[in-house]
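This report refers to the structure that appears directly beneath it.
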Amino acid sequence: MTALNELTLAEARDGLKAKDFSAREIAQAHLDAIEKADALNAYIVGTPDRALKMAEVSDEKIAKGEARPLEGLPLGIKDLFATQGVHTTAGSKILEGFEPHYESNVSTQLWRDGAVMLGKLNLDEFAMGSSNETSAYGNTISPWRRSGSDVALVPGGSSGGSAAAVAAHLCLGATATDTGGSIRQPAAFTGTVGIKPTYGRCSRWGIIAYASSLDQAGPIARTVQDCAILLGSMAGHDPRDTTSVDLPVPDFEAAISRGVKGLTIGIPKEYRVEGMPEEILRLWDQGAEWLKAAGATIKEISLPHTQYALPAYYIVAPAEASSNLARYDGVRYGLRVPGKDIAGMYENTRAAGFGREVKRRIMIGTYVLSAGYYDAYYVRAQKIRTLIKRDFEQAYAAGVDAILTPATPSAAFGLGEMASADPVQMYLNDVFTVTVNMAGLPGIAVPAGLDSQGLPLGLQLIGRPFDEETLFAAAQTIENAAGRMKLPPAWWA
Ligand code: GLN
């Protein structure tokens, strides 16, 4: 029999319903697996007591025939979501000791539907990064290794803890957030599935803000179906977030079996960037072949402003971050380092509390917003953002239903390999994902194969606004053709 923590979320849901095992048993199986996986450093905070208590309630509900949609399913929560009474860090020292008095909207909805909380997952500090190496709580290590090598690899970022925990069976699924790729890139690096929904689909209320006009919550899970189930629970209108959209939440799970017959899938020529490994190009072609074989029409398209997306993102995101992070001054949250007067206290707290990458973003953001540079940088970046959005609108107006691209320009890299003196190297990781945030569109990363070193590679599908259903249908087609990723034997347990 498959160990309880190795079931998919859908299998676990059905097994609980059939009373093949109890919510307590599946919670305990995960808690045991987490305890053995210290080497991965995927969780910042464990909540085993809460997990067992929630599982007990689930078992009662199941016994009474009152099971809710996610009854008894153990999940991990990215530590960017505020969780009431549970240490919430955003991967930063500056939030040391912060225990929110409120619960994020997304996690509230998961608990409303009966899910069980295992703990808080590691991330890049304030979600700024692509490798988890900026976390103040030490980096998460990927459960994957290159074949025949024991070099530690990054799980991607910023939702690296979420992706690693899902891949290593330390939860059935996890919440994550994506500002420029933080759901899709770690999913691609770890052979898991991750969807960033349309901006406005999930409430941002209670999620610690990085760049508010780009941030969106979404799930990471081991299958397309599991992601569809989780998003169904996470999504929905919330009047407390003025950018949350008042639209009904479709039955995402039903959409996975729709297939792609009759759909037109666009292949943007601008995504063939220089220096991309041959095997990623081949996999991309392979993905198009799979969709074609399932009845889709493949069409080459042009998204001419693609090359400006990354530089524009790295102006817009830091600008918003510099403003959002002004609130961490030692007065209201977490860390406080005294100074000779109040300004000294602010300075000491921020100097001690923020890491290097966060400070770099605050400085870039403050610079591009400052008088004299605002028009040259920030306003231009916003104009580029409009052009990027228009590129997509034109493709969709010409009959394209979804767009297929690689998820990342490389497979997972080794710890320290990228975090060199040049941060721009790291930023280049986001080349295929940031366009989607800039345009507010939904995007899903789905594993499509292994590279020559045995590491997972992912493909990305980008959809029309609020058409996550087509993404689930097309991603399921790819998952069926590619097969599920099989994690090599656990070296960490
Ligand atoms: N890697 C990107 C950044 O550092 C994206 C991060 C994210 O999506 N949260 O900004």
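For ligands, and for the atoms within them, numbers begin at 1 and follow the listed sequence.
- Near S130, the atoms of ligand 1 lying under 4.0 angstrom from a non-hydrogen atom of the residue are 1 (N).
- Counting heavy-atom neighbours within 6.0 Å of K383 NZ, excluding the residue itself, gives a total of 12 or less.
- Taking a 4.0 Å cut-off on heavy atoms, A317 fails to register as neighbouring ligand 1.
- Residue Y210 has at least one heavy-atom neighbour below 4.0 Å for each of these atoms of ligand 1: 3 (C), 9 (N), 10 (O).
- In terms of N/O distances under 3.5 Å, ligand 1 is not approached by M128.
- At a 4.0 Å cut-off, not a single heavy atom of Y427 sits close enough to ligand 1 to count as contact.
- For atom 3 (C) of ligand 1, the closest non-hydrogen atom of the protein is Y314 OH, 3.3 Å.
- With no hydrogens or angles considered, a side-chain donor-acceptor pair links D79 and T89 at under 3.5 Å.
- Protein heavy atom closest to atom 7 (C) of ligand 1, with residue, atom name and distance, is S182 OG, 2.3 Å.
- With respect to atom 5 (C) of ligand 1, the closest heavy atom belonging to the protein is Y313 OH, 3.3 Å.
- The backbone N or O of T175 lies less than 3.5 Å from a partner atom in the side chain of S162, making a donor-acceptor pair.
- No hydrogens or angles considered: a donor-acceptor pair under 3.5 Å links the side chains of E320 and S213.
- Interface of A127 with ligand 1, defined as ligand atoms under 4.0 Å from a residue heavy atom, comprises 6 (C), 7 (C), 9 (N).
- A donor and an acceptor atom, one from each side chain of D215 and T177, are nowhere located under 3.5 Å apart.
- Within a 6.0 Å sphere centred on OH of Y427, other residues, nucleotides and ligands contribute more than 12 heavy atoms.
- In this structure, E357 does not count as a contact residue of ligand 1, since none of its heavy atoms falls inside 4.0 Å of the ligand.
- Residue-to-ligand polar distances place G129 within reach of ligand 1: an N/O pair is separated by less than 3.5 Å.
- Side chain of T433 to backbone of G180: a donor-acceptor contact under 3.5 angstrom is found.
- Taking every non-hydrogen atom of D178 and a distance limit under 4.0 Å, the qualifying atoms of ligand 1 come out as 8 (O).
- Atoms of ligand 1 found under 4.0 Å from any heavy atom of R361 (numbered from 1 in listed order, with element): 3 (C), 4 (O), 10 (O).
- Ionic pairing of D178 and R201 is not present here: no N-O contact between side-chain nitrogen and carboxylate oxygen is shorter than 4.0 angstrom.
- Annotation for ligand 1: atoms under 4.0 Å from non-hydrogen atoms of S158 are 9 (N).
- Counting only N and O atoms by type, the side chains of N437 and R385 include no donor and acceptor under 3.5 Å apart.
- The ligand atoms of ligand 1 that sit less than 4.0 angstrom from a heavy atom of D430 are 1 (N), 2 (C).
- Panel note: side chain Q185, backbone G157; a donor-acceptor pair is recorded below 3.5 Å.
- Among the atoms of T177, none of the N or O lies under 3.5 angstrom from an N or O of ligand 1.
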